[in-house]
Amino acid sequence: AQSVTQLDSHVSVSEGTPVLLRCNYSSSYSPSLFWYVQHPNKGLQLLLKYTSAATLVKGINGFEAEFKKSETSFHLTKPSAHMSDAAEYFCVVSDQNTGFQKLVFGTGTRLLVSP
Amino acid sequence: EAQVTQNPRYLITVTGKKLTVTCSQNMNHEYMSWYRQDPGLGLRQIYYSMNVEVTDKGDVPEGYKVSRKEKRNFPLILESPSPNQTSLYFCASSLGWDTGELFFGEGSRLTVL
């Protein structure tokens with residue numbers, strides 16, 4: 001069965017510094033991977049997705065993630081954090097064999113951005 | 001505006017009192033799903049529906065029911081709520097089951113005393 005592990009429950013950065021949110025996955029088949037963001041008191045919003053095309057995926061708001069099969073990782077990065085990036089981020093995996101209705105969510109990483 | 005609307009957003013109820021959380025989407029999406037979010041556990045799928053009259057269990061379906069009589073609506077029913085169903089619930093929809101992009105409602109926070 002597929003699973004994801006988000007390695008940090010909280011990440012704190014200063015505004016203007018790089019962001020790195022780490023995600024490792026486990027999947028029996030070719031995985032599709034996603035990052036979603038949840039701002040306070042809001043639903044989740046798709047940031048970006050990987051579905052076996054280019055391994056470097058660009059998303060909204062300057063975020064990107066790189067699929068590394070050898071490391072089973074899909075880390076989320078941004079060169080320069082903004083105050084509005086403070087939110088909770090979820091890494092999500094789905095096996096193409098089972099379809100996207102069986103998305104498996106990580107436990108989330110809360111990003112704190114200080115001035 | 002394209003959106004997924006859930007009601008109520010907040011509810012406090014007592015054990016055993018039946019309740020329904022409604023979910024409606026205006027994007028003509030075929031796929032809809034319910035999740036619950038609990039601290040340290042991420043989101044877990046309760047039920048999903050691939051189209052009208054087609055529903056299936058997710059990972060944590062016990063204590064919940066759903067129905068999909070119309071394409072736009074996917075209510076979540078708690079026939080006899082218990083305190084362990086206290087949680088934040090999200091409804092989501094997608095154009096198809098294989099697109100990968102879910103559109104989420106803003107959540108319904110339920111407390112069962």
Side-chain angles (χ1 to χ4, degrees), chain A residues 1-10 21 23-25 27 29-53 57 59-60 65 67 74 87-110, chain B residues 1-7 9-10 21 23-25 27 29-51 54-61 66 68 74 88-109:
Chain A
Q2 65 271 35
S3 65
V4 289
T5 302
Q6 293 186 243
L7 298 164
D8 306 291
S9 59
H10 293 80
L21 305 183
C23 172
N24 287 117
Y25 70 91
S27 175
Y29 301 94
S30 299
S32 292
L33 293 154
F34 311 83
W35 277 98
Y36 278 81
V37 60
Q38 183 181 27
H39 287 96
N41 299 314
K42 295 292 185 182
L44 283 73
Q45 178 186 17
L46 181 67
L47 265 182
L48 50 82
K49 64 179 179 180
Y50 166 78
T51 54
S52 75
V57 182
I60 61 173
F67 174 71
F74 190 59
E88 188 149 23
Y89 292 80
F90 293 92
C91 183
V92 183
V93 68
S94 174
D95 283 333
Q96 291 184 357
N97 186 57
T98 60
F100 292 104
Q101 72 270 26
K102 288 294 187 182
L103 298 177
V104 176
F105 287 75
T107 53
T109 298
R110 186 167 298 277
Chain B
E1 180 188 355
Q3 58 186 4
V4 178
T5 303
Q6 297 178 224
N7 280 296
R9 294 288 313 280
Y10 303 91
V21 185
C23 174
S24 180
Q25 50 91 6
M27 296 170 278
H29 284 172
E30 290 189 345
Y31 178 80
M32 298 184 74
S33 181
W34 276 102
Y35 295 86
R36 59 178 289 173
Q37 182 179 21
D38 301 290
L41 297 178
L43 272 74
R44 294 178 292 168
Q45 190 178 47
I46 303 170
Y47 269 95
Y48 64 94
S49 168
M50 294 176 71
N51 214 325
V54 180
T55 64
D56 205 352
K57 297 177 181 177
D59 298 313
V60 289
V66 293
R68 187 93 182 271
F74 190 44
L88 179 59
Y89 292 86
F90 286 100
C91 179
S93 73
S94 161
L95 190 59
W97 63 269
D98 59 347
T99 66
E101 180 172 1
L102 292 172
F103 292 83
F104 282 82
E106 295 200 325
S108 296
R109 185 168 292 282

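Sequence lines set the chain letters: A, B, ... in the order given, protein chains first and strands last, and positions in each chain run from 1. The shown structure was predicted, so the numbers you read here are calculated from the model rather than taken from an experiment.
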Minimum heavy-atom distance between B:R9 and A:N41, given as atom pair plus value: NH2-O, 3.7 Å

Smallest separation among heavy atoms of A:Q38 and B:F90, with atom names: NE2-CZ, 3.1 Å

A:K49 portion near chain B, given a 4.5 angstrom heavy-atom threshold: side chain

Verdict with reasoning, A:Y36 to B:L102, per side-chain contact (heavy atoms from CB on, under 4.5 Å): CA-CA 9 Å; A:Y36 278 81; B:L102 292 172; 3.5 Å; yes

A:L44 side chain reached by B:L43 side chain, heavy atoms, under 4.5 Å: yes

Residue B:Q37 versus chain A: region with a heavy atom under 4.5 Å: side chain

More than 12 heavy atoms from other groups under 6.0 Å of CZ on B:R44: yes

